[in-house]
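Encoded as structure tokens, the structure appears first; notes follow it.
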Amino acid sequence: MQNPKEGDFITVKSYKHDGSLHRTWRDSMVLKTSDQSIIACNDHTLVTESDGRRWVTREPALLYYHKHYWFNIVTMIRQKGISYYCNLASPYVLDQEALKYIDYDLDIKIFPDGEKRLLDVDEYEMHRRQMHYSKDIDQILKANVEILVDWINNQKGPFSPAYVDMWFERYCQLSNQNK
């Protein structure tokens with residue numbers, strides 16, 4: 001499939017290792033595509049959970065997906081500052097329907113004050129046993145936690161204040177053009 005263009009809207013779907021649908025986000029605006037990554041943004045976007053529950057996001061969020069790294073990064077732009085939610089997940093694939101990835105439960109949350117928390121370790125261990133994650137996947141995910149922490153500590157990529165400013169400004173420009 002051809003990459004979406006700047007200003008196009010895509011759906012994002014996350015799955016679990018067993019192939020079951022986990023969560024769907026509607027209408028994320030593409031800000032940049034390359035051979036390796038997609039940057040998008042959404043704001044007040046409809047989210048549908050696997051059990052059918054629906055909710056709407058509360059703030060603008062920049063989304064970073066990569067074809068090589070086993071994580072994706074959500075930058076939440078809030079009144080009290082920037083927060084990050086990093087999902088340990090398979091590299092994305094893109095088809096006619098959506099941008100898709102497998103969510104592997106482990107998450108790193110970074111608060112506006114810089115505090116970092118590794119989340120859902122218990123859920124990861126439970127699903128690792130239930131869904132039979134291979135040793136290879138376990139090792140890949142642990143290595144990618146280290147890469148992610150390095151990016152965070154060194155303000156690399158999405159963790160750079162310049163990245164946030166530049167891509168949120170571009171989202172605002174494209175949103176105004178679409179009105």
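Along the sequence shown, residues are numbered consecutively beginning with 1.
- A salt bridge links Asp51 with Arg53: the distance from a Lys NZ or Arg NE/NH1/NH2 to an Asp or Glu carboxylate oxygen falls below 4.0 Å.
- For the pair Lys116 and Lys109, the minimum side-chain heavy-atom distance is 4.5 Å or more.
- To the nearest 0.5 Å, the span separating CG on Leu31 from CD on Glu169 amounts to 11.5 Å.
- Atom OH of Tyr65 sits about 11.5 Å away from atom OG of Ser90, to the nearest 0.5 Å.
- No donor-acceptor pair under 3.5 Å is formed between the side chain of Asp138 and the backbone N or O of Ser134.
- In this structure, a donor-acceptor pair under 3.5 Å is present between the side chains of Asp18 and Ser20.
- The distance from the CG atom of Asn144 to the CD1 atom of Ile108 is 10.0 Å, given to the nearest 0.5 Å.
- In this structure the side chain of Val30 never reaches within 4.5 angstrom of the side chain of Glu6, judged on heavy atoms.
- Taking each heavy atom of His68 and Pro91 in turn, the nearest pair found is O-CG, 3.9 Å.
- Judged as a side chain to side chain donor-acceptor pair (under 3.5 Å), and not counting sequence neighbours, the contacts of Lys13 are Glu97.
- The shortest side-chain heavy-atom distance between Leu99 and Ile38 falls under the 4.5 Å cut-off.
- From Asp105, atom CG reaches atom NE2 of His22 across 7.5 Å, with rounding to the nearest 0.5 Å.
- No side-chain donor from either of Tyr133 and His17 sits under 3.5 Å from a side-chain acceptor of the other.
- A donor-acceptor pair under 3.5 Å links the side-chain atoms of Asp95 to the main chain of Ala98, judged by distance alone.
- With rounding to the nearest 0.5 angstrom, the OG1 atom of Thr48 is 10.5 Å from the CZ atom of Arg23.
- Side-chain rings of Trp151 and Tyr69 approach one another, their centers coming within less than 6.0 Å.
- Grouping the Ile, Leu, Val, Met, Phe, Trp and Tyr side chains by contacts below 4.5 angstrom, directly or via other members, places Val149 with Leu88.
- With values rounded to the nearest 0.5 angstrom, Ser50 atom OG is found 9.0 Å from Lys16 atom NZ.
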Practice problem: Using the side-chain contact (heavy atoms from CB on, under 4.5 Å) rule, take Tyr101 and Asn87 through it: C-alpha gap first, then chi angles, then the decisive distance, then the call. | Solution: CA-CA 10 Å; Tyr101 63 89; Asn87 299 293; 4.2 Å; yes
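- Between Val47 and Thr57, some side-chain heavy-atom pair lies under the 4.5 Å cut-off.
- A donor-acceptor contact shorter than 3.5 Å is absent between the side chain of Ser83 and the backbone of Phe111.
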Quiz prompt | Chi angles and distances behind the side-chain contact (heavy atoms from CB on, under 4.5 Å) call for Ile73, Leu148 | solution = CA-CA 9 Å; Ile73 301 164; Leu148 191 52; 4.1 Å; yes
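- Under a hydrophobic-cluster definition in which Ile, Leu, Val, Met, Phe, Trp and Tyr are linked whenever side-chain heavy atoms come within less than 4.5 Å, directly or via other members, Val145 and Met126 are assigned to different clusters.
- Side-chain contact check for Asn42 and Ser28: at least one donor-acceptor pair (N or O, by modelled atom type) lies under 3.5 Å.
- Applying the side chain to side chain donor-acceptor pair (under 3.5 Å) criterion to Glu115, with sequence neighbours excluded, gives Arg117.
- Between Thr11 and Trp25 the shortest side-chain heavy-atom distance does not fall below 4.5 Å.
- Put simply, the side chain of Asn176 never gets that close to the backbone of Gln173: no donor and acceptor are under 3.5 Å apart.
- By the neighbour-count criterion of 12 heavy atoms within 6.0 Å, atom CZ of Arg58 is sparsely surrounded, having that number or fewer from other residues, nucleotides or ligands.
- Taking the ring centroids of Trp167 and Tyr64, they lie at or beyond the 6.0 Å cut-off.
- The same ILVMFWY cluster, assembled from side-chain heavy atoms under 4.5 Å apart, contains both Phe9 and Leu174.
- Heavy atoms of other residues, nucleotides or ligands lying less than 6.0 angstrom from CZ of Arg170 number more than 12.
- Within the 4.5 Å cutoff, no side-chain heavy atoms of Met76 are placed close to those of Tyr84.
- Closest approach of Pro112 to Lys80, counting heavy atoms only: CB-O, 3.5 Å.
- For Arg128, the side chain to side chain donor-acceptor pair (under 3.5 Å) partners at least two apart in sequence or on another chain are Glu125.
- In this structure, a donor-acceptor pair under 3.5 Å is absent between the side chains of Asp107 and Tyr124.
- Transitive grouping of hydrophobic side chains (ILVMFWY, heavy atoms separated by less than 4.5 Å) keeps Leu63 and Tyr15 in distinct clusters.
- Between Met29 and Asp8, every side-chain heavy-atom pair lies at or beyond the 4.5 Å cut-off.
- You'll find the side chain of Leu119 reaches within 4.5 Å of the side chain of Tyr85, heavy atoms only.
- When hydrophobic clusters are built by joining Ile, Leu, Val, Met, Phe, Trp and Tyr residues whose side-chain heavy atoms come closer than 4.5 Å, directly or via intermediates, Tyr104 is not grouped with Val93.
- With hydrogens and angles left out, the side-chain atoms of Asn72 and Tyr92 include no donor and acceptor closer than 3.5 Å.
- The main-chain N or O of Ser14 is never found under 3.5 Å from a side-chain atom of Asp103 such that the two would form a donor-acceptor pair.
- Taking a cutoff of 4.0 Å between a charged side-chain nitrogen and a carboxylate oxygen, Asp150 and Lys156 do not qualify as a salt bridge.
- Evaluated for a side-chain contact (heavy atoms from CB on, under 4.5 Å) with Ile82, the options Ile77, Leu62, Ile110 yield exactly one hit, Ile77.
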Practice problem: Applying side-chain contact (heavy atoms from CB on, under 4.5 Å), run through Tyr171 and Asp43 and close with a yes or a no. | Solution: CA-CA 10 Å; Tyr171 170 71; Asp43 187 9; 3.5 Å; yes
